[in-house]
2 protein chains.
Amino acid sequence: MTVSITDVARAAGVSASTVSRALRGRQGVSDEVRAQITAVAAQLGYTASQSASSLASGRTYTIGVVVPYVGRWFFGTVLDSAEHVFSAAGYDVLLYNLGSPETRKRFFTKLPVRKRVDALLSLLIPDDEESAALRSLGVPLASTVGGARPGFTVVGIDDRAGTESAVRHLVNLGHRRIGMISGSSGPQHWTTPIARRQAYLDVLAEAGIEHDPALEADGDYTVEGGERAMTELLAASRPPTAVFAQSDEMAMGALRALRRHRLKVPDDVSVVGFDDHELADVIGLTTVAQPVAGQGAEAARLLLRQLDEPGAEAPGHVQMPIRLVLRETTAPPRPRGPQ
Amino acid sequence: MTVSITDVARAAGVSASTVSRALRGRQGVSDEVRAQITAVAAQLGYTASQSASSLASGRTYTIGVVVPYVGRWFFGTVLDSAEHVFSAAGYDVLLYNLGSPETRKRFFTKLPVRKRVDALLSLLIPDDEESAALRSLGVPLASTVGGARPGFTVVGIDDRAGTESAVRHLVNLGHRRIGMISGSSGPQHWTTPIARRQAYLDVLAEAGIEHDPALEADGDYTVEGGERAMTELLAASRPPTAVFAQSDEMAMGALRALRRHRLKVPDDVSVVGFDDHELADVIGLTTVAQPVAGQGAEAARLLLRQLDEPGAEAPGHVQMPIRLVLRETTAPPRPRGPQ
DNA sequence: AAACTGAACGCAAACGCTTGCGCAACAAGA
DNA sequence: TCTTGTTGCGCAAGCGTTTGCGTTCAGTTT
């Protein structure tokens with residue numbers, strides 16, 4: 001049926017152990033025999049059975065990646081770059097898409113990755129219990145979202161600094177009524193929205209602007225949510241002249257809401273996003289750019305390093321640079337007064 | 001170290017085989033013993049080793065998914081929906097991201113999925129050689145792109161009909177100079193761009209419009225490519241008054257090029273895309289919608305069916321519906337003549 | 001009461017690899 | 001010549017499951 005290691009061994013006139021050593025580049029086999037075996041294996045189209053190999057060796061050469069929504073740009077991009085790093089190093093990736101609460105719960109209770117992966121990269125923020133479950137796997141862990149967590153190597157960005165640059169930009173343009181569309185905090189302890197909100201409040205305070213709770217709305221990190229949130233903000237008794245959205249998707253939703261209300265951007269309302277989505281440039285959105293692919297690649301590299309040198313201390317938290325990208329959705333507020 | 005089936009067996013006072021049967025719902029074990037074993041297993045936190053299980057049974061409960069670019073909206077969306085179907089059925093997914101020619105070549109020569117998956121879903125179009133390699137895996141195959149292929153269940157859309165509805169829409173608005181931004185055909189026999197081009201030519205012919213090669217440009221299925229292509233088209237001696245882009249991403253690039261040239265959409269130039277990208281609505285792009293997530297889910301379901309009933313004949317090709325979505329980037333051409 | 005069922009369970013043989021150990025064979029040092 | 005190393009390779013014992021077959025035993029049929 002399917003060709004096994006003993007088939008190769010027989011065909012090459014050696015033992016199975018020699019085939020195993022030869023094909024995996026171990027020493028203890030002469031160059032000529034190795035060449036022989038390699039040739040025979042190629043000719044027979046032999047591939048080692050991953051199951052048998054990992055059962056015997058304990059190594060799976062597989063990395064688990066858990067992500068909330070593969071379909072969303074941010075996660076897709078991180079996954080893309082991480083996958084490249086993994087596959088270049090000879091690792092396969094097992095993907096778990098945990099968008100709905102049920103699949104998420106099932107994953108963390110059944111833990112299908114147990115004994116199946118050598119390491120795990122999480123693109124979602126586990127709560128304490130989930131964190132513990134992952135640690136119980138006994139493999140290196142990394143994450144590209146949220147703040148530092150025990151047992152994890154997390155590569156992220158400085159949410160405070162990013163938010164500050166965005167909001168300060170609006171302040172410097174002369175805006176005083178600055179709204180914010182935030183991402184839902186959800187059931188998990190999702191630190192990002194919290195950090196960004198705090199930074200937003202701090203900048204307002206430092207500029208001597210009184211915070212108006214009516215200028216905050218939740219956008220659920222989606223386009224539709226952003227649209228709803230912007231609509232809410234516009235319904236305030238004194239609507240904002242500028243809005244900071246915690247993600248580009250929400251900013252895009254906000255832009256759509258503004259268009260529906262026949263308000264001009266940036267003349268009537270300025271908008272700044274967060275992420276530098278691939279289409280942010282297309283629609284001219286001012287935003288704070290973060291190296292999304294870079295974070296995925298870096299996290300993957302750090303994971304691989306831990307696998308290569310098991311003794312080494314893993315960095316707890318690394319921060320990647322952010323930068324404000326000025327485009328066409330921000331401008332000074334329209335001068336008020338008698339027209 | 002890690003708890004094995006014999007640990008559970010010992011703790012429950014039965015044999016390993018009984019544990020195996022009990023946990024997998026096989027018959028031949030009494031209800032009380034089964035309950036006992038289930039409880040003990042849960043308490044010990046036992047999970048069967050996937051390697052050992054698949055080595056012994058030959059089933060991997062894993063599906064391979066190969067995709068050119070996980071980061072792109074189309075593929076991410078298909079993957080997302082397919083993954084949900086697979087995981088709901090108890091299958092894990094192994095992801096292979098084959099964007100670059102090297103990784104692609106490596107994948108098809110080494111075929112790391114051999115003996116690792118029970119079925120394979122391809123979101124890229126394999127050439128004849130690659131197709132043969134996949135068939136040699138001896139597992140059910142499905143694809144969500146391109147035309148029918150021997151050995152594959154492919155679920156797609158009617159590219160001709162989709163293109164016709166888009167181009168006819170432009171013709172009906174009164175356009176006569178209708179450009180097209182196509183996706184590169186690339187090295188593989190990628191039938192989609194060819195089918196769409198043919199439909200484009202046919203509609204022009206049926207409307208009595210002479211085809212002008214200067215109104216065709218390649219956009220590589222990317223935003224940047226679309227922008228370049230549009231710029232090319234605008235450089236023609238008689239530029240188009242309307243453009244059909246073979247994907248929304250390219251259409252978005254075209255919109256950006258038009259904005260850079262200070263041309264109004266749809267007043268100066270109409271644009272219609274293809275796909276109904278999640279952000280098409282945000283920017284008001286007229287486009288032909290295809291059920292992207294639906295195709296992923298359907299392909300996944302068809303694959304699972306083949307696994308459940310190995311004897312059954314698999315459908316060779318199923319087509320999902322498309323529909324033209326009118327938004328704000330198309331309008332009648334600006335009346336010409338003395339202004 | 002004997003013979004026959006079927007259900008519930010254990011035994012042991014795979015499944016296809018990896019790896020510690022042992023054993024030649026040969027080279028180099030004493 | 002005899003040790004001592006070194007290198008190249010085979011043996012065989014796992015790794016943790018699944019599964020065909022055999023055994024036991026309670027319950028049914030003659």
For the pair [X] and [Y], find out whether any cationic side-chain nitrogen is under 4.0 Å from an anionic carboxylate oxygen.
X: A:Arg305; Y: A:Asp308; answer: no
X: B:Glu298; Y: B:Arg301; answer: yes
X: B:Asp80; Y: A:Arg72; answer: no

Do you know which two heavy atoms are closest between [X] and [Y], and how far apart they sit?
X: B:Val14; Y: B:Ile37; value: CG2-CD1, 3.8 Å
X: B:Phe152; Y: B:Ser131; value: CE1-OG, 3.6 Å
X: B:Thr191; Y: B:Gly147; value: OG1-N, 3.3 Å
X: A:Asn97; Y: A:Pro68; value: OD1-O, 3.5 Å
X: B:Pro126; Y: B:Arg149; value: CD-NE, 3.7 Å
X: A:Pro140; Y: A:Leu307; value: CG-CD2, 3.9 Å

(message) Expected output is a numbered-order residue list: members of residues 54-64 of chain A with a heavy atom under 4.0 Å from any atom of DNA chain D. What is it?
(response) A:Leu55, A:Ala56
(request) Could you check which residues of residues 45-52 of chain B get a heavy atom under 4.0 Å from DNA chain D? Sort them by number, please. (result) B:Tyr46, B:Thr47, B:Ala48, B:Ser49, B:Ala52
(message) Any heavy-atom pair between the side chains of B:Leu124 and B:Leu98 that's under 4.5 Å?
(response) yes
(message) Is the shortest side-chain heavy-atom distance between A:Met320 and A:Val155 below 4.5 Å?
(response) yes
(request) Would you mind reading off the bend of the helix from C:dA1-D:dT30 to C:dA30-D:dT1 from its two end axes, five pairs each, to 10 degrees? (result) 50°
(message) Need two values: the first and the last nucleotide of DNA chain D, 5' to 3', having an atom under 4.0 Å from any heavy-atom of chain B.
(response) D:dG16 to D:dG20
(message) Less than 4.0 angstrom between a side-chain N/O of B:Lys115 and OP1 or OP2 of C:dC17, yes or no?
(response) yes
(request) Under 4.0 Å from any atom of DNA chain C, heavy atoms only: list the residues of residues 27-39 of chain A that qualify, in numerical order. (result) none
(request) Strictly below 4.0 Å, heavy-atom distances to any atom of DNA chain C: list the hits from residues 14-23 of chain A, or just say none. (result) A:Ser17, A:Ser20, A:Arg21
(request) Could you give me the CA-CA distance, side-chain angles and deciding distance for A:Arg116 and B:Ser51, then say whether side chain to side chain donor-acceptor pair (under 3.5 Å) is met? (result) CA-CA 7 Å; A:Arg116 273 207 85 167; B:Ser51 319; over 6 Å; no
(message) For the residue pair B:Thr60 / B:Ser54, report whether a side-chain donor-acceptor contact shorter than 3.5 Å exists.
(response) no
(message) For a side chain to side chain donor-acceptor pair (under 3.5 Å) check, start with the C-alpha distance between A:Ser20 and A:Ser17, then their side-chain angles and the critical distance, and finish with the verdict.
(response) CA-CA 5 Å; A:Ser20 173; A:Ser17 20; over 6 Å; no
(request) Show the numbers, then the answer: is there a side chain to side chain donor-acceptor pair (under 3.5 Å) between B:Ser53 and B:Arg59? (result) CA-CA 8 Å; B:Ser53 165; B:Arg59 299 268 310 196; over 6 Å; no
(request) Grab the CD1-P distance between A:Ile5 and C:dC17 for me, whole Å please. (result) 5 Å
(message) When you measure from the side chain of A:Thr38 to the backbone of A:Arg34, do you find a donor-acceptor pair of N or O atoms at a distance under 3.5 Å?
(response) yes
(message) Check this for me: A:Gln43, atom CD, are more than 12 non-hydrogen atoms of other residues, nucleotides or ligands nearer than 6.0 Å?
(response) no
